[in-house]
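Notes for the one structure printed next.
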Amino acid sequence: MKIINSDLKKGELKLKVENLDDMWYLNQIIETNDIVKGKTLRKIKIGKEGDRSQKTVKKSVFLSIAVEKVEFSKFSSILRVSGIVKQGPEDIPLGSYHTFNIEENTVITITKQKWLKFQLDKIKEASKETAKILICIHDREEAHFALMKKYGYQILSNIKGTVTKKADLKKVETTFYKDIAKQLEEYDKRYSLNKIIIASPAFWKEELLKEINEDIKKKTILATCSSVSENAINEVLKRPETEQALKQDRISKEYKYVEELFSEIQKNNLASYGIKETKNAAEAGAIKTLLITDKFIQKKREENKYKGIEEIMKQIDNTKGDIFIISSEHEAGKKLDGLGGIGAILRYKINY
């Protein structure tokens, strides 16, 4: 994400959306009653009402809307921001409804009455260049490739070998490992990777390493996993071998915070979870770190109950607590969703 202009006295940030990760961030930041403005396509009727010659065309216009709804799907690669038109050209009625389809290279201005610290931190985080990390999970028969994203990870491809006869095992393995090595080279060229994490049960990764060229080896970190599946990616993310590659990555921080929360819960100590308990802790100024999943936020928006969650976050922001929105795409987020999607690490213990 590129910050084009910042005028926080007016509550304005002008941003350029550069990729899918940026849309994920904005989905957490844009809220009801925010003002969003920018160029957008609008259907305009040309000709008199009822006239056969009347037709509808799409026209590029500059609009300002008061936000009512935000929807994001990483599968459609579009962030939809809908609301009531506040400013626009004469042929578009004020008070009518409009949806911004925010895609790559879209430029928008977001205006808030007050930007919370965690929201500004998210914008700064999104504007920073992050390490491009590929994970390859494999054995002698199967391989999975995933690219790390700010919201989790994206499965790129799966390939399988054809191990049939024990006598041909060495030949098949060699061919399969060459296929994996070729795929790694292709992804390295396509994504300009900073690190490649290769993980396998037993010794398979050492065998694969023999087929990899020196440029790939320089970027490679070896790790161990107990199985070969997409689920093993979550296991690899928690392995100490991957800490070097992921120590600056947001996802590794999310895992650590969620693990800390569960540790405090098990000790019956500095933790709260669930809306009621977290709200009480926020009102007492006891929250050091709030953890909340993007799935939980989306659910509350759909139920028209997000305002209460927003108030909790404002209270925490006012008492200098930290707020982390956890992606439900990976295991840490799913674990937090199992607690209800919201929890907090406390400064001190309180009685509910």
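For the numbers below, each heavy atom of this structure counts, side chains included, while hydrogens, waters and symmetry mates do not. In this chain, residues are counted from 1 in sequence order. Keep in mind that what you see is a predicted model, and the values were worked out from it rather than measured.
Clustering ILVMFWY residues whenever any of their side-chain heavy atoms sit less than 4.5 angstrom apart, transitively, puts I78 in a cluster other than the one holding M23. Under the 4.5 Å side-chain heavy-atom criterion for ILVMFWY residues, a single connected hydrophobic cluster contains both Y191 and I198. I29 and I3 fall within a single hydrophobic cluster, where Ile, Leu, Val, Met, Phe, Trp and Tyr are joined by side-chain heavy atoms under 4.5 Å apart, directly or via other members. Hydrophobic clustering, with ILVMFWY side chains joined whenever heavy atoms are under 4.5 angstrom apart, keeps I102 apart from I35.
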Practice task
Go through the steps to decide whether K219 and D215 satisfy the test salt bridge (Lys or Arg N to Asp or Glu O under 4.0 Å), and finish with yes or no.
Solution key: CA-CA 7 Å; K219 301 180 180 184; D215 288 337; over 6 Å; no
Exercise for the section: Check step by step if side chain to side chain contact (heavy atoms under 4.5 Å, CB included) holds for E18 and E104. Expected result: CA-CA 5 Å; E18 296 179 312; E104 289 184 7; over 6 Å; no
Exercise for the section: Take E185 and N213, measure what side chain to side chain donor-acceptor pair (under 3.5 Å) needs, and give me the verdict at the end. Expected result: CA-CA 9 Å; E185 290 175 22; N213 67 41; 3.1 Å; yes
Exercise for the section: May I have the step-by-step check of side chain to side chain contact (heavy atoms under 4.5 Å, CB included) for L63 and Q87, ending in yes or no? Expected result: CA-CA 6 Å; L63 290 181; Q87 286 183 321; over 6 Å; no
Problem - Criterion salt bridge (Lys or Arg N to Asp or Glu O under 4.0 Å) on E214 and K218, from CA distance to verdict - result: CA-CA 6 Å; E214 289 302 316; K218 290 175 184 178; over 6 Å; no
Handout entry: From CA spacing to verdict: side chain to side chain contact (heavy atoms under 4.5 Å, CB included), I196, I133
Key = CA-CA 6 Å; I196 299 171; I133 302 170; over 6 Å; no
Handout entry: Steps toward salt bridge (Lys or Arg N to Asp or Glu O under 4.0 Å) verdict (K210, E207)
Key = CA-CA 6 Å; K210 296 175 184 177; E207 292 296 315; 3.2 Å; yes
Problem - Criterion side chain to side chain donor-acceptor pair (under 3.5 Å) on S77 and E103, from CA distance to verdict - result: CA-CA 7 Å; S77 301; E103 306 172 274; over 6 Å; no
Exercise for the section: Give the C-alpha distance, both sets of side-chain angles, the deciding distance and a yes or no for salt bridge (Lys or Arg N to Asp or Glu O under 4.0 Å) between K300 and E303. Expected result: CA-CA 5 Å; K300 292 304 170 186; E303 295 173 349; 3.3 Å; yes
Practice task
Please lay out, stage by stage, how E329 and Y153 fare under the test side chain to side chain donor-acceptor pair (under 3.5 Å).
Solution key: CA-CA 8 Å; E329 291 291 324; Y153 55 82; over 6 Å; no
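A heavy-atom distance below 4.5 Å is found between the side chains of F262 and L339. Annotation: side chain of I325 is not in contact with side chain of T293 (no heavy-atom distance under 4.5 Å). Taking the side chain as every heavy atom from C-beta outward, C136 and I180 approach each other to under 4.5 Å. Looking at heavy atoms from C-beta onward, N280 lies out of side-chain contact with S272 at the 4.5 angstrom threshold. Taking the side chain as every heavy atom from C-beta outward, I297 and I292 approach each other to under 4.5 Å. Residues E235 and S226 form a side-chain contact, since some pair of their non-hydrogen atoms from C-beta on lies under 4.5 Å apart. Residues S327 and H330 form a side-chain contact, since some pair of their non-hydrogen atoms from C-beta on lies under 4.5 Å apart. Annotation: side chain of I123 is in contact with side chain of M1 (closest heavy-atom distance under 4.5 Å).
The main-chain N or O of A202 is found under 3.5 Å from a side-chain atom of K205 such that the two form a donor-acceptor pair. With hydrogens and angles disregarded, a donor-acceptor distance shorter than 3.5 Å links the side chain of Q28 to the backbone of W24. Judged by distance alone, the side chain of S96 and the main-chain N or O of I92 form no donor-acceptor pair under 3.5 Å. Side chain of D34 to main chain of I30: no donor-acceptor pair is present (N/O by atom type, distance under 3.5 Å, no hydrogens or angles). In this structure, the side chain of W115 engages the main chain of G11 through a donor-acceptor pair within 3.5 Å. The backbone N or O of L116 sits less than 3.5 Å from a side-chain atom of Q119, completing a donor-acceptor pair.
Across all non-hydrogen atoms, the minimal contact from L193 to L147 is CD2-CD1, 3.9 Å. Counting all heavy atoms, side chain and backbone alike, V228 lies closest to P201 at CG2-CD, 3.7 Å. S328 approaches D294 most closely through the heavy-atom pair N-OD1, 2.9 Å. Between M313 and I323 the shortest heavy-atom distance is O-CD1, 3.5 Å. For the pair K39 and F62, the tightest heavy-atom approach, listed with the atom from each and the gap, is N-CD1, 3.9 Å. The minimum heavy-atom distance between A344 and T278, with the atom names listed, is CB-CG2, 4.3 Å.
Within 6.0 Å of the NZ atom in K86, the count of heavy atoms belonging to other residues, nucleotides or ligands does not exceed 12. Remark: K279 NZ is loosely packed, at most 12 non-hydrogen atoms of other residues, nucleotides or ligands lying under 6.0 Å away. In K217, the NZ atom is crowded: over 12 heavy atoms of neighbouring residues, nucleotides or ligands sit closer than 6.0 Å. Around the CG atom of N268, the shell of radius 6.0 Å holds no more than 12 heavy atoms that belong to other residues, nucleotides or ligands. Sparse packing is recorded around CD of Q113, with 12 or fewer heavy atoms of other residues, nucleotides or ligands lying under 6.0 Å away.
The side-chain contact (heavy atoms from CB on, under 4.5 Å) with F145 is formed by just one residue from the set I135, L184, I155; it is L184. When each of R301, K299, E31 is checked for a side-chain hydrogen bond (donor to acceptor under 3.5 Å, both in side chains) with Y306, only E31 meets the rule. Among the candidates I197, D188, T220, L156, the single residue satisfying the side-chain contact (heavy atoms from CB on, under 4.5 Å) test with L134 is L156.
H98 and F100 have perpendicular rings, their planes meeting at more than 60° on a 0 to 90° scale where under 30° would count as parallel. Between Y177 and W204, the ring-plane angle classifies as tilted under the 30° and 60° cut-offs.
Aromatic ring centres of F176 and H138 lie farther apart than the 6.0 Å criterion allows.
If you take CD on E264 and CG on L270, they are separated by 4.5 Å, rounding to the nearest 0.5 Å. Here CG of L346 is found 9.5 Å from OG1 of T289. Values are rounded to the nearest 0.5 Å. The structure places OG1 of T99 at 12.5 Å from CG of L41, a figure rounded to the nearest 0.5 Å. Interatomic distance, L26 CG to I110 CD1, rounded to the nearest 0.5 Å: 5.0 Å. Rounded to the nearest 0.5 Å, atoms NZ (K334) and CG (N234) are 6.5 Å apart. Remark: K314 NZ to K114 NZ distance equals 8.0 Å, nearest 0.5 Å.
Both the sub-6.0 Å distance and the 45° axial angle are not jointly satisfied by K253 relative to the ring of F324.
Using a 4.0 Å cut-off between charged side-chain N and carboxylate O, K59 and D91 make a salt bridge.
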